Amino acid sequence: MSSPSGTVILGIESSCDETAAAVLVDGVVRSNVIAGQEVHRQWGGVVPELASRAHQEHIVPVVHEALRVAGIQPTELSAIAFTQGPGLIGALLVGTCFARSMAQALNIPLVAVDHVQAHVLAHFIKDGEPRPAPSFPFLNLTVSGGHTRIVRVDGPLRMTVLGTTLDDAAGEAFDKGAKVLGLPYPGGPLIDQHARLGDASRYPLPLPSTQGYDMSFSGLKTAFKDLVNRGLANDPLFVERELPHLCASLQRAIVDVLLRKLSKAAREQGVLRIALAGGVSANSALRKGTLELGQREELEVFIPPFAYCTDNAAMIAMAGHFLHAEGHHVTLDAVPFPRA
Ligand code: KG4
Ligand code: ZN
């Protein structure tokens with residue numbers, strides 16, 4: 001691979017349970033490497049201390065591999081972008097310290113990235129596939145295991161949060177629902193899979209009534225738990241027999257909460273473009289529902305490829321690209337911000 005003449009950003013992500021590094025040249029992906037952490041599966045959720053240790057083990061080989069695949073020498077980097085937060089403090093510290101040391105050794109700028117903003121900027125990653133990026137303004141529904149927000153985006157670095165979850169994140173609602181059904185962590189993709197064979201109207205769940213564009217999932221979670229417990233009290237094989245219908249019903253309720261608010265925001269804000277970001281945007285019912293909403297209300301719809309929806313470092317490098325271009329650098333004593 002030839003030496004690049006443009007802006008070369010190394011992105012580093014370590015906010016939760018993926019250690020990731022990516023290299024972008026002028027916003028085009030040269031490499032996007034991720035090491036997941038199987039160690040959490042047996043515990044039914046991410047164990048912070050185990051996550052930090054795994055990041056320590058993975059960070060050097062993952063960054064090395066990202067540079068190797070990209071065909072980039074460290075001396076060719078323009079800047080290093082890292083996830084400053086939100087996330088698990090011990091996990092964030094690993095990426096932050098690594099990025100700080102590498103920027104110091106290479107004497108290049110260091111860029112601190114907000115993980116949730118980076119999910120939105122995943123729409124602008126280029127990788128050779130013909131895929132239009134949304135023009136401004138657009139509304140982004142950011143849905144992951146840790147966050148659920150509707151954001152109005154007026155520019156790469158101009159985002160206004162219109163609404164957020166008041167309790168659990170949408171991904172958490174999927175994962176906790178899956179746990180009630182005895183499915184392993186993370187349960188979101190399994191709910192999606194089982195729901196394909198289920199009847200979503202079999203077990204109607206109560207939808208919350210929240211103000212404005214805010215959302216809530218904790219009542220839904222309790223109602224679902226009660227439904228399952230009542231079923232099991234009458235029939236010990238209830239979950240086994242009804243699994244697809246239970247998954248489809250839960251999925252419909254979660255997706256309904258999200259799309260009602262997104263639709264309301266698009267209508268009231270007069271914005272003609274809607275977009276999804278975050279791990280839950282991999283959900284097939286949410287994708288289908290968003291596309292249908294777009295058709296019904298004549299809105300343009302943008303959904304990034306799956307690899308850029310779940311946690312990845314290409315989106316961190318993309319955010320780093322925009323921040324670097326505007327001169328938003330941080331000093332070498334930058335610290336993580338675990339909370340949003
Ligand atoms: O964005 P992400 O990779 O990590 C966070 O920043 O949280 O999102 C992970 C979340 C998990 O809760 C996972 O269950 C959920 O995304 N998820 C899904 C699907 N794929 C991933 N939820 C529902 N359906 C899916 N197909
Ligand atoms: Zn995320």
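These numbers were taken from a predicted model, which means no experiment stands behind them. Both ligands and their constituent atoms are indexed starting at 1 by order of listing.
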With a 4.0 Å cut-off on N to O distance, would you call E268 and K264 a salt bridge? yes
Looking at V280, L286, D311, the heavy atom closest to atom 2 (P) of ligand 1 belongs to D311
For G145 and ligand 1, does the shortest N/O to N/O distance drop below 3.5 Å?
yes
- When only distance counts, is D192 in polar contact with ligand 1, meaning an N/O pair under 3.5 Å? yes
ask   = Does H119 bring an N, O or S atom to within less than 2.8 Å of the Zn ion (ligand 2)?
value = yes
Test of proximity, H147 against ligand 1: N or O pairs below 3.5 Å: no
Do the side chain of E172 and the main chain of A169 share a donor and acceptor less than 3.5 angstrom apart?
yes
Of N283, V116, V255, D175, the residue with the heavy atom nearest atom 12 (O) of ligand 1 is D175
Closest heavy-atom approach to atom 22 (N) of ligand 1 among G188, A118, A169 is made by G188
Under 6.0 Å between ring centres, would you say that holds for H115 and H119?
yes
message: I'd like to know if the side chain of N32 reaches the main chain of A22, judged simply by a donor and an acceptor atom lying under 3.5 Å from each other, with no hydrogens or angles considered.
response: no
Among the N/O/S atoms of D311, the Zn ion (ligand 2) lies closest to OD1
How about R339: does its CZ atom have over 12 heavy atoms from other parts shown lying under 6.0 Å from it? no
TODO: For the pair F124 and F322, name the ring-plane relationship: parallel under 30°, tilted 30 to 60°, perpendicular over 60°.
DONE: perpendicular
Quick one: does S284 get an N or O within less than 3.5 Å of an N or O on ligand 1? no
Per side-chain contact (heavy atoms from CB on, under 4.5 Å), L139 is matched among L272, L299, V271 by V271
Checklist entry - Backbone or side chain, does any N or O of G279 fall under 3.5 Å from an N or O of ligand 1? => result yes
Within the 4.0 Å heavy-atom cut-off, what E18 brings close to ligand 1 is neither
Can an N, O or S atom be found in H147 less than 2.8 Å away from the Zn ion (ligand 2)? no
| said: Is the distance between the ring centroids of H123 and F138 under 6.0 Å? | reply: yes
